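Residue numbers start from 1 in every chain, and the chains themselves are labelled A, B, ... in the order their sequence lines are given, proteins ahead of strands. Nothing here was measured: the structure is a model prediction, and the numbers come from that model. The basis for the numbers below is simple: all heavy atoms, side chains too, and nothing from hydrogens, waters or symmetry mates.
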Amino acid sequence: MLSSSSFPVPPSPAPLINRCQTISELNQIHAQIIKSSRSSSHPLILRRLVALSPSHGFTIHLYSRWLSSSPHLQTLRLSLPSVLKSCGRHSSVEQAKQIHGQILKAHFQLDPYVSNSLLRTYFELGEDEIAWRVFEKMPQRDAVSWNSAVSGFVRSGHFGFARRVFDEMPQKDLVSYNSMVDGLMKWNRCDLARELFCSMEEKDVVSWTTMISGYVLNFRPKEALEVFREMLSSGVEPDAAAVVNVLAAVADLGFPEEGKWVHAYLRRSNIKLNSEVLGSALIDMYSKCGLVTNAYNVFRSVCDGRRVGDWNSMISGLSIHGLGQEALEIFEEMERNKIQPDEITFIAILNGCSHSGMIEEGLYYFKLMKDKYQIEPRLQHYGCLIDLFGRAGLIEEAMRIIGEAMPMEPDAMAWKSILSSCVKYGLVTYGEHAATKAIDLAPQDSSSYVLLSNIYARNKQWEDVERVRELMREKRVQKVPGCSTVMIHGKVHEFIVGKEMGVGCREVVLSKLEEVISRLKMEGYEPDVTQVLVHVGEGEKEGLLSIHSEKMAVAFGLLNLEEGSSIHIVKNLRVCCDCHSFCEVVSKVYNYEIVLRDQNRFHHFKGGSCSCKGYW
DNA sequence: TTAGGGTTAG
């Protein structure tokens, strides 16, 4: 450790302060500054302190100490934004109000620089009404004040107010437009956002990134990529934030071609690859596109092993590929390297355990999280435990988590997790109970109804199946149609249940499928006709089942790709049992590898078996 | 330097 005397304070200590990476480094410089009684450096110290995000208590302590030494007004003025920022970040409403009082006492409310910080802090604390009063009472509003009000209301979800402030603004600049476009996107109004964006005379990298992230947010990754291409041709150079969003769009789509191109673009660009979150975005993109080896290579080469997010992305990537053991090894390496795991790390770990059927390990890490790392398990962690037991068929243990172990009320997701395990193991009574709870909590979510009706159908309770259908009609719940996409020679083809394909395409695909199914039957494949929502004649049912979107995608792949190659499919819902065994047999009989990403995870079918080993 | 876009999550 360096002694404080080895840090002579230069004429301007700013560069030294900003270079501090740890609180103790900062403390040493602080000691020097106090000795040289250069109190004008206090605001810089405070700003760096907040950037290093220590405890809020420490920030307040330091600030109060300065306050009691009656600093110059200018010193106080420059310190206020940092202290307020800390209050906002640590949800300290009372402290913020106290500082508000001090501001009024010193008449700083006349100063937009100070009032704007106050405004932002109240929005961040969820105190919209106070924020609005501060805004209304401001004797002088500058561009920052107006823009803070717009973005404050956008963030808090009061879009109506954001629009009003935006419309009333005396002068709009780029920041105002970008905030408004962002608000429209967050409010799911892609069309209006696009319109406003197009009307802008000047667009900077933030404007383009706002559009890209907005489309990603609204589950429209294709449009996000189109905007990125437009951006490149318009001559605006992307930065790290832009690329992170583009990678998120590629990860959503699930086909790596575009992602590889973005990665190559990054290497050529001036963007620093190991900066901030780019590494974890790349890892995530490769894992979600099925290339977990590429993800691993990025993790080893691009990332420096210091950011918890990189580790989390890697663990989560291995987990969704069913590589639970490998995920645990990465976690152990993380512990050896003294990287502090966070709550996301444990969600990824627990998810990995549940996708690999590792019950003992899952329970061990759940305990480790609480005991060693003092991370209080949240709803999501309990959800993972429920999933862990449920997937393994241990429904009673899963129910015990809900009934006894967790201190909070289960959400719809927890009940749906129980429900889908009941479908898998044919447990009608538990399934009915879980479905009732899930529907209660999320009445518009069609999946609970569909799962319940599948349990009944499997048990041949056709009247109950009809009852569920009636309930759906009553509540106007629309079933989400299954959709599978497959990439053939660089072009994405989409198959949606109940939606017409291109002219002639349907006939070709269906006749191929028919041929495939009859060949598979000779190899022992028996279509499982129980997972159909509608009760119809046996022959008809088989027909309905055969058009699940992933089957069409497989048939299309067989038609267009050479034997021995890999068919890469992305599906929006969870794969059903029948399609799962269909893919298994296809991979053996036809000698194709099938890589299928469903709603939850990856299935790699090869030589008649699947990497998920039945855990999905 | 008080205002706008940023990864990992059952």
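Checked against ring-ring contact (aromatic ring centres under 6.0 Å, His included), Trp187(A) has the following partners two or more places apart in sequence or in another chain: Phe159(A). Among residues two or more places apart in sequence or in another chain, the side-chain hydrogen bond (donor to acceptor under 3.5 Å, both in side chains) test is passed with Asp284(A) by Lys288(A). With sequence neighbours left out, His321(A) forms a ring-ring contact (aromatic ring centres under 6.0 Å, His included) with Phe602(A), His604(A). Among residues two or more places apart in sequence or in another chain, the side chain to side chain contact (heavy atoms under 4.5 Å, CB included) test is passed with Pro377(A) by Phe366(A), Met369(A), Lys370(A), His381(A), Tyr382(A). In this structure Phe166(A) satisfies the ring-ring contact (aromatic ring centres under 6.0 Å, His included) test together with Tyr177(A), sequence neighbours excluded. Not a single ring-ring contact (aromatic ring centres under 6.0 Å, His included) links Phe228(A) to another residue, sequence neighbours left out.
Nucleic acid contact for Asp342(A): none, since no nucleic acid atom lies under 4.0 Å from a heavy atom of the residue. Contact annotation for Ala242(A): base contact, defined as any heavy-atom pair under 4.0 Å involving a base atom. Using a 4.0 Å heavy-atom cutoff across all strands shown, Val205(A) reaches at least one base atom of the nucleic acid. Counting non-hydrogen atoms under 4.0 angstrom, Ala348(A) reaches nothing in the nucleic acid.
Distances were taken from every side-chain heavy atom of Asp182(A) (C-beta onward) to each of dG5(B), dA3(B), dT7(B); the shortest belongs to dG5(B). Minimum atom distance to the side chain of Gln380(A) is reached by dA9(B), of the listed dT2(B), dA3(B), dA9(B). Comparing dA3(B), dT2(B), dT8(B) by their nearest atom to the side chain of Ile344(A) picks out dT8(B). Here the nucleotide nearest the side chain of Ser151(A), chosen from dA3(B), dG10(B), dG5(B), is dA3(B). Distances were taken from every side-chain heavy atom of Asp239(A) (C-beta onward) to each of dT2(B), dA9(B), dG5(B); the shortest belongs to dG5(B). Here the side chain of Val206(A) is nearest to one of dG10(B), dT7(B), dG5(B), namely dG5(B).
One finds a side-chain N or O of Arg120(A) lying less than 4.0 angstrom from the OP1 or OP2 phosphate oxygen of dA3(B). One finds a side-chain N or O of Lys288(A) lying less than 4.0 angstrom from the OP1 or OP2 phosphate oxygen of dA9(B). Considering only side-chain N and O atoms, Asn245(A) lies nowhere under 4.0 angstrom from the phosphate OP1 or OP2 of dG6(B). The phosphate of dG5(B) has OP1 or OP2 within less than 4.0 Å of a side-chain N or O from Arg155(A).
Looking at residues 209-217 of chain A, you'll see Thr209(A), Thr210(A), Ser213(A) sit with a heavy atom under 4.0 Å from some atom of DNA chain B. Within residues 302-316 of chain A, the residues approached by DNA chain B to less than 4.0 Å at the level of any non-hydrogen atom are Gly309(A), Asn312(A), Ser313(A), Ser316(A), in residue-number order. Across residues 402-422 of chain A, Asp411(A), Met413(A), Ala414(A) each have a non-hydrogen atom less than 4.0 Å from an atom of DNA chain B (numbered order).
Pairs engaging residues 350-369 of chain A under the salt bridge (Lys or Arg N to Asp or Glu O under 4.0 Å) rule: Lys367(A)-Asp371(A) [sequence neighbours left out]. Residue pairs satisfying the salt bridge (Lys or Arg N to Asp or Glu O under 4.0 Å) criterion with at least one member in residues 192-201 of chain A, sequence neighbours excluded, are listed as follows: Arg194(A)-Glu230(A).
Across the protein-nucleic acid pair, Asn147(A) atom CG and dA3(B) atom C1' stand 5 Å apart, rounded to whole Å. The CD-P distance, from Gln74(A) to dT2(B), rounds to 13 Å in whole Å. Between the P atom of dG5(B) and the CZ atom of Phe228(A) lies a distance of 19 Å, rounded to the nearest Å. Going from atom CG of Asp204(A) over to atom C1' of dA3(B) covers 13 Å, rounded to whole Å. Whole-Å rounding puts the Asp142(A) CG to dA3(B) C1' distance at 9 Å. Distance CG (Leu278(A)) to P (dG5(B)): 17 Å, rounded to an integer number of Å. Rounded to an integer number of Å, the gap from CG of Leu350(A) to P of dT8(B) is 18 Å. Here dA9(B) presents its C1' atom at 17 Å from OH of Tyr382(A), a figure rounded to the nearest Å.
Aromatic ring orientation, Trp146(A) versus Phe135(A): perpendicular (interplanar angle above 60°, classes split at 30° and 60°).
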Side-chain donor-acceptor pairs of residues 343-352 of chain A under 3.5 Å, sequence neighbours excluded:
| unit_1 | atom_1 | unit_2 | atom_2 | d |
| --- | --- | --- | --- | --- |
| Glu343(A) | OE2 | Arg378(A) | NH1 | 3.2 |
| Thr345(A) | OG1 | Asn312(A) | OD1 | 2.7 |
| Thr345(A) | OG1 | Asp342(A) | N | 2.9 |
| Thr345(A) | OG1 | Asp342(A) | O | 3.2 |
| Thr345(A) | OG1 | Asp342(A) | OD1 | 2.9 |
| Asn351(A) | OD1 | His355(A) | NE2 | 3.2 |

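With hydrogens and angles left out, the side chain of Asn600(A) and the base of dG10(B) share no donor-acceptor pair within 3.5 Å.
Under a 3.5 Å cut-off, the side chain of Tyr425(A) and the backbone N or O of Arg391(A) do form a donor-acceptor pair. Without hydrogens or angle criteria, Asp598(A) side chain to Val575(A) main chain gives a donor-acceptor distance under 3.5 Å. The main-chain N or O of Gly279(A) is never found under 3.5 Å from a side-chain atom of Arg307(A) such that the two would form a donor-acceptor pair.
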